[in-house]
Visitor: 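I'd like to ask you about the structure that follows.
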2 protein chains.
Amino acid sequence: MQDGASELHDDERLARLIRLSARGFNRALSLRLQQHDVTFGQWIFLRILWVEDGLSQRELSQRANVTEPTTHTALKKLELQGLIRRENPDDNRRRQHTYLTEQGKALRAVLEPLAIEANEVAAEGLSATEREDFRRYLLILIRNLERDEAEASKKGLKVPPKRGWTGDV
Amino acid sequence: MQDGASELHDDERLARLIRLSARGFNRALSLRLQQHDVTFGQWIFLRILWVEDGLSQRELSQRANVTEPTTHTALKKLELQGLIRRENPDDNRRRQHTYLTEQGKALRAVLEPLAIEANEVAAEGLSATEREDFRRYLLILIRNLERDEAEASKKGLKVPPKRGWTGDV
DNA sequence: CGCCTTATCTTCGATATCTAAGTATTGGCA
DNA sequence: TGCCAATACTTAGATATCGAAGATAAGGCG
């Protein structure tokens with residue numbers, strides 16, 4: 001177990017560093033968005049709609065990678081704030097298409113630069129090549145973990161909620 | 001804004017990839033831990049105590065990088081499960097030192113290999129050099145974001161909660 | 001046409017986290 | 001010694017997320 005323990009230490013660093021990075025990004029972005037009364041969650045849906053307006057709640061959930069109750073809550077709030085409106089298409093009273101209001105569209109010019117800034121701050125000091133490598137490593141990691149989860153799922157293991165622990169590892 | 005938008009797209013990838021990686025790790029680890037009725041949160045405190053037994057709640061909070069109410073809840077549950085016990089030192093009725101029970105200590109041999117496995121799965125396909133670079137990039141990122149947050153804090157901006165949005169960006 | 005399955009959104013209850021406020025203990029200093 | 005500030009833990013209330021179950025609507029098929 002001695003070897004195992006020291007190996008753990010080395011490997012653990014990766015998980016820990018990634019978690020800290022993710023949290024740092026969240027905070028950097030939230031910090032900027034909150035100055036315009038927009039939360040992280042709202043921003044994510046706005047960002048999707050800026051590119052692709054008129055999506056249903058389900059489509060938004062898939063693109064945002066969250067469950068539908070989560071989307072539901074976020075959209076209700078956005079609607080209340082007058083940033084989106086929702087309406088049924090003529091031929092379907094089930095689906096609810098979500099459209100940005102003028103106010104919601106206008107926010108783009110304000111918020112996008114903030115996201116750019118946060119990302120630029122984070123990557124400061126990394127060369128273009130390094131950034132590219134960085135992305136490549138992250139993609140490998142994500143693919144590995146997806147495969148792992150798929151295999152577990154195949155074995156009948158229930159996958160735990162994605163809602164994450166955000167503390168330090 | 002056209003340039004801004006495309007620039008956003010490129011930069012955003014980094015935040016998004018990091019977030020996905022963090023979530024993947026959470027899930028991979030939770031998946032393994034839950035087979036032993038241990039949650040992610042519990043594991044984090046166990047892990048700290050395996051290395052350094054007898055810490056106070058505050059010290060544990062700092063090491064785990066979460067707030068004290070969070071630690072409080074987690075410790076209460078661990079105590080209830082018989083994995084830790086808490087007691088006041090003789091000279092101080094305020095502080096509560098946390099000690100692993102035998103059962104808590106024994107769990108180490110079971111759980112540590114699982115964490116090693118999750119980390120190994122994640123880094124599969126990366127050479128030793130690449131892993132080193134990866135860590136270096138992450139450290140730069142974390143440092144950059146910490147600096148950013150410190151600067152914001154100096155300007156009197158309230159820092160948003162660290163509890164993160166875990167969805168896709 | 002009517003029923004059963006599927007699709008879509010909504011509601012409910014649970015969990016983990018946070019901030020802020022509350023309680024109790026300790027320590028320093030007039 | 002007595003009081004006030006700092007320390008340590010606890011409680012309360014808010015938020016964001018999830019899974020599961022509920023409610024309606026649509027579509028397909030005997």
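Below, chain A is the first sequence line, B the second, and so on; all start at residue 1. From a predicted model like this one, the values you see are computed outputs, not experimental measurements.
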Visitor: Below the 4.0 Å mark, does D:dT10 have OP1 or OP2 next to a side-chain nitrogen or oxygen of B:Arg86?
Guide: yes

Visitor: For B:Glu68, report the nucleic acid contact type (base, sugar-phosphate, nothing); a contact means any heavy atom under 4.0 Å.
Guide: base

Visitor: Do NZ/NE/NH1/NH2 and the carboxylate oxygens of A:Asp148 and B:Arg32 come within less than 4.0 Å?
Guide: yes

Visitor: Quickly work out the B:Gln96 CD to D:dT11 P distance and round it to whole Å.
Guide: 10 Å

Visitor: Among side-chain atoms of B:Asn144 and B:Arg147, is any donor-acceptor pair under 3.5 angstrom?
Guide: yes

Visitor: Between D:dA16 atom P and A:Asn65 atom CG, what is the distance in whole Å?
Guide: 18 Å

Visitor: Is there a side-chain contact between B:Gln57 and the phosphate of D:dT10, meaning an N or O under 4.0 Å from OP1 or OP2?
Guide: yes

Visitor: To the nearest angstrom, how far is A:Asp91 atom CG from D:dA25 atom P?
Guide: 15 Å

Visitor: By the 4.0 Å heavy-atom rule, please label A:Thr71 as base, sugar-phosphate, or nothing.
Guide: nothing

Visitor: Is the phosphate of D:dA26 approached by A:Arg94 (side-chain N or O, under 4.0 Å from OP1 or OP2)?
Guide: no

Visitor: Could you tell me the separation between the NE2 atom of B:His72 and the P atom of C:dA21, rounded to a whole number of Å?
Guide: 19 Å

Visitor: For DNA chain D, whose closest nucleotide is more 5', that of A:Asn92 or that of A:Lys77?
Guide: A:Lys77

Visitor: Between D:dA16 and A:Gln42, is there an OP1 or OP2 to side-chain N/O distance shorter than 4.0 Å?
Guide: no

Visitor: Would you say D:dC18 has OP1 or OP2 under 4.0 Å from some side-chain N or O of A:Thr67?
Guide: yes

Visitor: Can you check the B:Asn88 CG to C:dT26 C1' distance for me, whole Å?
Guide: 13 Å

Visitor: Output the rounded distance in Å from NZ (A:Lys76) to C1' (C:dC12).
Guide: 12 Å

Visitor: Among C:dC18, D:dA16, C:dT11, which is the nearest nucleotide to the side chain of A:Pro69?
Guide: C:dT11

Visitor: Side-chain N or O of B:Thr70 versus OP1/OP2 of C:dA16: is the shortest distance under 4.0 Å?
Guide: no

Visitor: Are any of the side-chain nitrogens in B:Lys105 or B:Glu102 under 4.0 Å away from the carboxylate oxygens of its partner?
Guide: yes

Visitor: Could you check which of D:dC18, D:dA12, C:dT8 has an atom nearest any side-chain atom of A:Arg95?
Guide: C:dT8

Visitor: Parallel, tilted or perpendicular: which describes the rings of A:Tyr137 and B:Tyr137, with under 30° parallel and over 60° perpendicular?
Guide: parallel

Visitor: Would you say A:Arg93 places a side-chain N or O within less than 4.0 Å of OP1 or OP2 belonging to D:dT24?
Guide: no

Visitor: Considering every strand and a 4.0 Å limit on heavy-atom distances, what is the contact class for A:Arg58: base, sugar-phosphate, or nothing?
Guide: base

Visitor: For the pair made of CD in B:Gln62 and P in D:dT7, what is the distance, rounded to whole Å?
Guide: 12 Å

Visitor: Mind calculating the distance between CG (B:Leu75) and C1' (D:dA8) to the nearest angstrom?
Guide: 13 Å

Visitor: Can you confirm whether the side chains of B:Gln42 and B:Gln81 place a donor and an acceptor under 3.5 Å from each other?
Guide: yes

Visitor: Without swapping roles, check the side chain of A:Ser61 against the backbone of A:Thr71 for a donor-acceptor pair under 3.5 Å.
Guide: no

